[in-house]
2 protein chains.
Amino acid sequence: MLSTTESAEPVGRREQNKIDTRRAIADAAFDLARSEGPGAFTAEQIAARAGVSRRTFFNYFHSAEDALAVRIDGFLELALGVFGRLPQDEPLFDSIIRAFSETTRMEGLSQHGELFRMANSDPDLLRAQLHSWERAEVLIAEALRRRLGPATHDLYLTALVGSVLSCTKAAMRDWAATTAEDATDSGEQLEARILAALTMLRDGFSGPVAVPLADGTAGAGDGAGSQPAEAAVPPPHRLA
Amino acid sequence: MLSTTESAEPVGRREQNKIDTRRAIADAAFDLARSEGPGAFTAEQIAARAGVSRRTFFNYFHSAEDALAVRIDGFLELALGVFGRLPQDEPLFDSIIRAFSETTRMEGLSQHGELFRMANSDPDLLRAQLHSWERAEVLIAEALRRRLGPATHDLYLTALVGSVLSCTKAAMRDWAATTAEDATDSGEQLEARILAALTMLRDGFSGPVAVPLADGTAGAGDGAGSQPAEAAVPPPHRLA
DNA sequence: CGAATAGTTGCACGCCGTGCAATCTGGTGC
DNA sequence: GCACCAGATTGCACGGCGTGCAACTATTCG
């Protein structure tokens with residue numbers, strides 16, 4: 001299982017404490033958001049639940065919403081990590097698609113669905129999440145530049161990365177809105193949507209792409225009335 | 001000249017006062033951001049400069065940053081308006097491209113460049129701007145659904161609109177970073193970038209598209225090393 | 001004009017986010 | 001083990017934020 005915190009490196013007590021604290025705060029924030037509702041709790045409450053002072057909370061996060069949105073950062077950093085480990089000689093879009101596909105296997109995926117829904121009723125949380133995507137955009141653009149070469153035009157890079165993330169975001173929104181995340185195939189549901197959205201992007205949105213369902217039939221992906229094509233995962237390269 | 005506030009409708013005193021106040025506040029905020037630097041002024045100062053009370057400021061905007069970001073909303077609403085007035089039978093991407101192209105002729109375009117640069121040094125301003133794009137995404141998706149038909153799949157719509165806006169955003173960022181906005185061809189510079197970015201999107205990012213320069217030569221749009229194609233505006237349909 | 005309605009203002013309150021100095025804790029060299 | 005130091009936590013204080021509320025003022029309408 002992919003993990004946000006996996007790191008076999010020997011790490012000192014100090015560093016480990018920081019990681020633990022950061023995690024404790026993020027978890028406390030998420031628990032509170034669940035029980036009290038998004039935007040209906042204070043930094044003080046988060047700190048108390050995490051067992052630190054209010055001041056320490058603000059040493060780790062700028063706001064309560066940031067403590068929630070940090071999970072989005074985790075998801076995107078994970079995807080970036082997977083992308084970096086893919087063979088550089090395969091078609092670019094295959095790498096992109098597989099990076100995000102793979103990342104849907106991460107632990108704690110279900111929380112992301114909740115997070116997206118929470119953002120619907122808390123504008124500040126939405127902003128924090130948008131900021132997370134924005135930060136990831138920069139990181140991914142850098143990684144892409146390393147892969148495509150330093151001469152790659154900026155506009156091409158940023159437009160591409162922005163579009164890819166927009167499609168992924170759209171897929172996750174759709175997934176969060178329509179899928180019960182305690183379902184056993186929740187991950188596959190998300191993966192199918194990401195695949196569909198990124199395939200549409202690769203095809204220049206010339207037409208809608210159906211979201212393949214678990215039972216093998218294609219979902220109602222009716223766009224402009226034409227018959228939607230069905231997306232398929234790229235050939236099964238192995239992770240390096 | 002396109003205008004954010006143009007409206008020939010007969011409007012009562014009450015309504016006009018609100019419009020004036022809103023504008024006065026937004027202008028005051030922008031002036032302050034210029035003179036004091038983004039994030040270096042208070043709501044109280046904005047209110048004072050706009051000639052209203054602090055409380056009234058908060059009746060109009062949720063924060064100082066929102067008062068700045070409202071200009072982004074204006075730009076995007078303008079583009080949406082142009083899009084709605086285009087003939088519905090032309091190719092979708094032609095409409096999209098021309099809608100944004102056209103909008104670069106708006107008044108006060110230069111301020112947008114400044115706004116983008118300000119966001120680099122003020123995270124809260126960046127968040128407010130991202131929120132503006134997000135809100136516009138919803139509006140544009142609705143307009144697109146009206147055009148494509150109510151059966152259009154949600155994921156197709158949101159992925160498309162998100163990508164289009166990401167490309168436009170990328171174009172504006174690039175423009176803001178590279179172009180002196182007091183240049184006489186500032187508008188054309190932006191238009192060329194938007195055209196290039198949206199053309200790349202339409203082509204599924206199969207390769208970079210050069211940004212045509214005013215002198216007729218193509219700019220250095222070198223992507224993966226292949227020869228970049230040059231973008232061209234769609235045929236000159238007339239606005240309805 | 002007078003009543004109704006909509007917008008403005010001052011006030012008060014709890015919370016936010018951060019600089020600062022005191023304190024505590026884990027790492028390092030002896 | 002002990003002394004020391006860098007780094008992390010904490011309490012405190014302060015200015016600013018964002019909003020509910022009630023009083024006040026301006027516009028609209030009969």
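Letters A, B, ... mirror the listed sequences (proteins, then strands); counts begin at 1. Predicted, not measured: the structure shown is a model, and the values here were computed from it.
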Inset, instruction - Kindly state each residue pair satisfying ring pair (Phe, Tyr, Trp, His ring centres under 6.0 Å) with at least one member in residues 115-149 of chain A, sequence neighbours excluded. - result: none

Inset, instruction - Considering only NZ, NE, NH1 and NH2 on the basic side and carboxylate oxygens on the acidic side, decide whether B/Glu134 and A/Arg173 come within less than 4.0 Å. - result: yes

Inset, instruction - Could you tell me whether A/Asp66 and B/Arg127 make a salt bridge, using a distance below 4.0 angstrom between a side-chain N and a carboxylate O? - result: yes

Inset, instruction - Ignoring backbone atoms, establish whether A/Asn17 has a side-chain N or O less than 4.0 Å from OP1 or OP2 of D/dA8. - result: no

Inset, instruction - Work out which heavy atom in B/Val211 is nearest to a heavy atom in B/Ala192; give both atom names and the distance. - result: CG1-CB, 3.7 Å

Inset, instruction - Could you tell me which non-hydrogen atom of B/Ile46 sits nearest to which non-hydrogen atom of B/Ala64, and how far apart they are? - result: CD1-CB, 3.7 Å

Legend entry - Range on DNA chain C touched by chain B, heavy atoms, distance below 4.0 Å: C/dT5 to C/dA12

Legend entry - Pair of N/O donor and acceptor under 3.5 Å linking D/dA6 base with A/Arg14 side chain: yes

Inset, instruction - Choose from D/dA8, D/dC17, D/dG18 the nucleotide whose nearest atom is closest to any side-chain atom of B/Ser63. - result: D/dG18

Inset, instruction - Would you kindly say whether B/Gln45 and B/Arg49 are connected by a side-chain donor-acceptor distance under 3.5 Å? - result: no

Legend entry - Heavy-atom closest contact (A/Ala43 atom, A/Phe58 atom, distance): CB-CZ, 3.7 Å

Legend entry - Spacing of B/Glu65 atom CD relative to D/dC17 atom C1', expressed in whole Å: 10 Å

Inset, instruction - May I ask you to say what A/Phe61 touches in the nucleic acid, namely base, sugar-phosphate or nothing, with a heavy-atom cut-off under 4.0 Å? - result: nothing

Inset, instruction - Look at B/His62 and D/dT19 and indicate whether a side-chain polar atom (N or O) is within less than 4.0 Å of OP1 or OP2. - result: yes

Legend entry - Test: A/Arg105 and A/Glu191 ion pair at under 4.0 Å: yes

Inset, instruction - Give, ordered by number, those residues of residues 44-59 of chain B having at least one heavy-atom distance below 4.0 Å to an atom of DNA chain C; if nothing qualifies, reply none. - result: B/Val52, B/Ser53, B/Arg54, B/Arg55, B/Thr56, B/Asn59

